[in-house]
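Read the structure below first, then the notes.
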Number of protein chains: 2
Amino acid sequence: MIDQREYPIETVIHVLGGKWKPIILWHLMDSDKRFSDLEKLIPGVSSKMLAQHLRNLQQAGIIERTVYPTVPPKVEYSLSEYGKTLIPVAEVMCDWGEGHNERKRDEPAS
Amino acid sequence: MIDQREYPIETVIHVLGGKWKPIILWHLMDSDKRFSDLEKLIPGVSSKMLAQHLRNLQQAGIIERTVYPTVPPKVEYSLSEYGKTLIPVAEVMCDWGEGHNERKRDEPAS
DNA sequence: CTGGATCCGTCAAGATACTG
DNA sequence: CAGTATCTTGACGGATCCAG
């Protein structure tokens with residue numbers, strides 16, 4: 001993965017660019033989640049992709065991974081303090097996204 | 001390209017998701033640009049990818065394509081009125097991206 | 001000048017099976 | 001429960017050639 005970004009806006013796309021990363025973030029912004037919780041909440045994601053994207057987000061410092069060494073393994077993912085700075089960004093993006101989706105329905109042809 | 005997005009935040013990623021789309025938008029937010037202008041401004045992009053992404057953005061209603069039927073063909077791309085609503089979104093994203101890049105330099109290991 | 005068409009390499013994503 | 005390993009597929013991106 002090339003890391004030669006000249007413009008900061010590319011950084012955000014890089015961090016959120018995966019197919020499932022925005023959805024993962026969205027759910028973690030709501031509350032902490034376990035691995036299986038996320039699997040249930042995100043229909044269509046495979047455990048492989050989920051683990052891979054979670055790892056990416058963790059390496060980016062956006063989420064934290066907490067392992068509870070209990071008999072049934074339990075791992076919780078949560079937004080890091082730093083990751084929480086993404087919330088306002090996500091809200092702005094969501095806001096625009098909603099408008100965009102509505103617009104596509106209202107104006108089929110310009 | 002799948003278009004089954006359940007969350008608005010995915011829409012934004014979808015619209016900006018290409019490798020060059022954020023940069024294209026960034027330049028068009030500054031001022032209108034011709035095809036060849038963008039090619040010069042974005043080192044490394046091929047005409048194919050530029051045309052492809054420009055078409056995507058146009059179909060998304062974010063940019064407008066104006067053809068001047070002159071002897072040497074001239075085509076100008078500009079942000080649509082609707083596309084301008086993306087500017088504040090881009091600014092927020094840029095702002096966060098800058099902080100993220102600085103953070104990576106300051107904190108090599110958590 | 002502004003692209004479209006085509007071929008090809010690369011890499012992310014999906015499916016499946018297996019492990020601690 | 002929470003992943004990893006491996007294989008396959010398909011989209012994305014690059015290079016080149018061609019056309020209005």
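Numbers restart at 1 for each chain; the letters A, B, ... are given by sequence-line order, proteins then strands. For clarity, every value in this text was computed on a predicted model and none was experimentally measured.
Scanning all heavy atoms of the two residues, the minimum distance from A/I13 to B/G17 falls at CG2-O, 4.4 Å.
Under the 6.0 Å cut-off for aromatic ring centres, B/Y77 and B/H27 do not qualify, their centroids lying 6.0 Å or more apart.
The CD atom of A/E39 sits 13 Å away from the P atom of C/dA15 (whole-angstrom rounding). One can place NZ of B/K19 at 14 Å from P of C/dT10, the figure rounded to the nearest angstrom. Separating the CE atom of A/M49 from the C1' atom of D/dA11 is a distance of 13 Å, rounded to the nearest angstrom. Separating the NZ atom of A/K40 from the C1' atom of D/dA2 is a distance of 12 Å, rounded to the nearest angstrom. Taking atom CG of A/L50 as the reference point, atom P of C/dT16 lies 18 Å away to the nearest angstrom. Rounded to an integer number of Å, the gap from B/Q52 CD to C/dG3 C1' is 12 Å. Going from atom CG of B/L54 over to atom C1' of C/dC1 covers 14 Å, rounded to whole Å. B/L16 places its CG atom 15 Å from the P atom of D/dC12, with the value rounded to the nearest Å.
Taken to the nearest 0.5 Å, the CG atom of A/D32 stands 9.5 Å off from the CD atom of A/E64. To the nearest 0.5 Å, atom CD1 of residue B/I87 and atom CD of residue B/E91 are 7.0 Å apart. The CG atom of A/L28 sits 7.0 Å away from atom CG of A/L54, with the distance rounded to the nearest 0.5 Å.
At a threshold of 4.0 angstrom between heavy atoms, the contacts of A/S36 are confined to the sugar-phosphate backbone, with no base atom among them. Within 4.0 Å (heavy atoms only), B/Y77 reaches sugar-phosphate atoms of the nucleic acid but no base atom. Among the atoms of the strands shown, none is found under 4.0 Å from any heavy atom of A/P72.
Checking side-chain atoms of B/E10 against main-chain N and O of B/Y7 turns up a donor-acceptor pair under 3.5 Å. With hydrogens and angles disregarded, a donor-acceptor distance shorter than 3.5 Å links the side chain of A/K33 to the backbone of A/S31. A donor-acceptor pair is defined here as one N or O able to donate and one able to accept, closer than 3.5 Å; such a pair exists between the side chain of A/D37 and the backbone of A/R34.
In terms of phosphate contacts, A/H53 brings a side-chain nitrogen or oxygen within less than 4.0 Å of OP1 or OP2 of C/dA13. Contact check, A/S47 against D/dG3: no side-chain N or O comes under 4.0 Å of OP1 or OP2. For A/R55, a side-chain nitrogen or oxygen approaches OP1 or OP2 of D/dT4 to under 4.0 Å. The shortest distance between the side-chain N/O atoms of A/R34 and the OP1/OP2 oxygens of D/dC1 is not below 4.0 Å.
When distances run from any side-chain atom of A/P73 to the nucleotides D/dG20, C/dA13, D/dC1, the shortest one goes to D/dC1.
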Practice item. For B/L50 and B/F35, run side-chain contact (heavy atoms from CB on, under 4.5 Å): C-alpha distance rounded to whole Å, both residues' side-chain angles, the deciding distance at 0.1 Å, then the answer. Key: CA-CA 8 Å; B/L50 185 54; B/F35 189 89; 3.9 Å; yes

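Fit an axis to the five pairs at each end of the helix from C/dC1-D/dG20 to C/dG20-D/dC1 and the two axes sit 50° apart, to the nearest 10 degrees.
Side-chain heavy atoms closer than 4.5 Å link hydrophobic residues (I, L, V, M, F, W, Y) into clusters, and following such links, possibly through other members, connects A/L57 to A/V67.
With DNA chain C read from its 5' end, the first of the two nearest nucleotides for A/G17 and B/K48 is the one closest to B/K48.
Within residues 22-33 of chain A, no residue has a heavy atom under 4.0 Å from DNA chain D.
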